[in-house]
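One structure is given below, encoded as structure tokens.
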Amino acid sequence: MSNEEKPKLKVIAIKNGTVIDHIAPNKALDVLEILNLPEKDGKLTLAMNISSKYGSKDLVKIEDRELKSSEVDKIALIAPKATINIIKDYKVVSKEKIRSLDYVESIIKCTNPKCITNYDNEPIVPKFHIVNKDPITLRCHYCERIIHANEFEKQFD
């Protein structure tokens, strides 16, 4: 079968909502976990390992919902090359790449059990500096522990 004869994947358009595109392959389920999806009444489209002109990617469409900035910041940690498209009346009204973060606050916990942020009697918000963006690597502001993506992604489960 030639390329011209292969059936093409068709993803249904949504009337209103958010499309998260250009998610790294096999990361869409992590995005769903971050967003606590699927919701009971929400409609969701998920496509994984679909081919694009840049290789493979994942895609998530969420009907009738726009993301909060805190949710976008979490997505930036696991899918830094993703784009967020806002859809209204079947048209893209806004398309933005996820902004590159220099630091994150209150999104994850430090993996160092002795870090001051992990003591219940210390009301200190966890803060991390991003020391590498691909792959994402963080450094705790307080104890300076280096945390790799595979460590902090477990916190989204």
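Computed from a predicted model, the values in this text were never measured in an experiment.
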> Is the count of non-hydrogen atoms from other residues, nucleotides or ligands lying under 6.0 Å from D120 atom CG greater than 12?
Replying inline: no
>> Taking side-chain contact (heavy atoms from CB on, under 4.5 Å) as the definition, give me every residue that meets it alongside A76, ordered by chain and number, with sequence neighbours left out.
In response: I98, L101
>> Looking at every heavy atom in both V125 and S106, which two are closest together, and how far apart are they?
In response: CG1-OG, 2.7 Å
> How many angstroms lie between atom CD1 of I136 and atom NE2 of H148, to the nearest 0.5 angstrom?
Replying inline: 13.0 Å
>> Quick check: closest heavy atoms across R65 and L37, and the distance to 0.1 Å?
In response: NH1-CD2, 3.5 Å
>> As an exercise, state the distance from OG1 of T83 to NE2 of H22, rounded to the nearest 0.5 Å.
In response: 4.5 Å
>> Let's go through L46 and L29 carefully: what are the C-alpha distance in whole Å and the side-chain angles of both, what is the deciding distance for side chain to side chain contact (heavy atoms under 4.5 Å, CB included) to 0.1 Å, and is it a yes or a no?
In response: CA-CA 9 Å; L46 173 71; L29 294 176; 3.8 Å; yes
> According to the salt bridge (charged side-chain N to carboxylate O under 4.0 Å, His left out) rule, which pairs have a member within residues 86-98, sequence neighbours left out?
Replying inline: E66-K88
> What's the shortest heavy-atom distance between P126 and T117, and which atoms?
Replying inline: CA-CG2, 3.8 Å
> Quick one: does R99's side chain get under 4.5 Å of D73's, heavy atoms only?
Replying inline: yes
>> Just by distance, no angles: are the side chains of N26 and N49 close enough, under 3.5 Å, to form a donor-acceptor pair?
In response: yes
Exercise answer: donor-acceptor pairs, residues 139-147 side-chain atoms, under 3.5 Å, sequence neighbours excluded:
| from | atom 1 | to | atom 2 | distance (Å) |
| --- | --- | --- | --- | --- |
| H141 | ND1 | H129 | NE2 | 2.8 |
| R145 | NH1 | T111 | O | 3.3 |

>> Is there a side chain to side chain contact (heavy atoms under 4.5 Å, CB included) between E105 and F128? Walk through the geometry before answering.
In response: CA-CA 6 Å; E105 255 182 41; F128 299 88; over 6 Å; no
>> Distance check, rounded to the nearest 0.5 Å: K127 atom NZ versus I108 atom CD1?
In response: 14.0 Å
>> Show, in sequence, the C-alpha distance, side-chain angles and deciding distance for I87 and V19, and conclude whether the side chain to side chain contact (heavy atoms under 4.5 Å, CB included) test is met.
In response: CA-CA 7 Å; I87 311 297; V19 176; 3.9 Å; yes
> Would you say the side-chain atoms of D30 pair up with the backbone N or O of I78, donor to acceptor, closer than 3.5 Å?
Replying inline: no
> Going from CG on N132 to OG1 on T137, what distance comes out if it is rounded to the nearest 0.5 angstrom?
Replying inline: 4.5 Å
> Checking side chain to side chain contact (heavy atoms under 4.5 Å, CB included) for the pair L77/F152: CA distance, chi angles, key distance, verdict?
Replying inline: CA-CA 9 Å; L77 289 175; F152 65 75; 3.7 Å; yes
> Which distance, rounded to the nearest 0.5 Å, do you find between the NZ of K15 and the CG of D64?
Replying inline: 9.0 Å
> If you look at every heavy atom in I62 and I20, which pair is closest and at what distance?
Replying inline: CD1-CD1, 4.1 Å
> Do L67 and I75 have side chains that get closer than 4.5 Å, going by heavy atoms?
Replying inline: yes
>> Looking at every non-hydrogen atom in both residues, tell me the closest pair between N85 and V92 and how far apart they are.
In response: CB-CG1, 4.4 Å
>> In this structure, would V104 and I124 fall into the same cluster of hydrophobic residues linked by side-chain contacts under 4.5 Å?
In response: no
>> Whether K57 and D21 form a salt bridge (side-chain N of Lys/Arg under 4.0 Å from carboxylate O of Asp/Glu) is what I want to check.
In response: yes
> With no hydrogens and no angle check, is any side-chain donor or acceptor of T45 less than 3.5 Å from a backbone partner on K61?
Replying inline: no
>> Using the rule given for salt bridge (charged side-chain N to carboxylate O under 4.0 Å, His left out), can you reason through K133 versus D102, listing the C-alpha separation, both sets of side-chain angles and the distance that settles it, and then say yes or no?
In response: CA-CA 9 Å; K133 296 188 179 189; D102 293 322; 3.6 Å; yes
>> Quick test of your reading of the model: are K27 and E33 salt-bridged, counting only N-O distances below 4.0 Å?
In response: no
> Do other residues, nucleotides or ligands put more than 12 heavy atoms under 6.0 Å from K109 NZ?
Replying inline: no
> Under a 4.5 Å side-chain heavy-atom rule over Ile, Leu, Val, Met, Phe, Trp and Tyr, are Y90 and V60 clustered together?
Replying inline: no
>> Looking at every heavy atom in both C115 and C110, which two are closest together, and how far apart are they?
In response: CB-SG, 3.8 Å
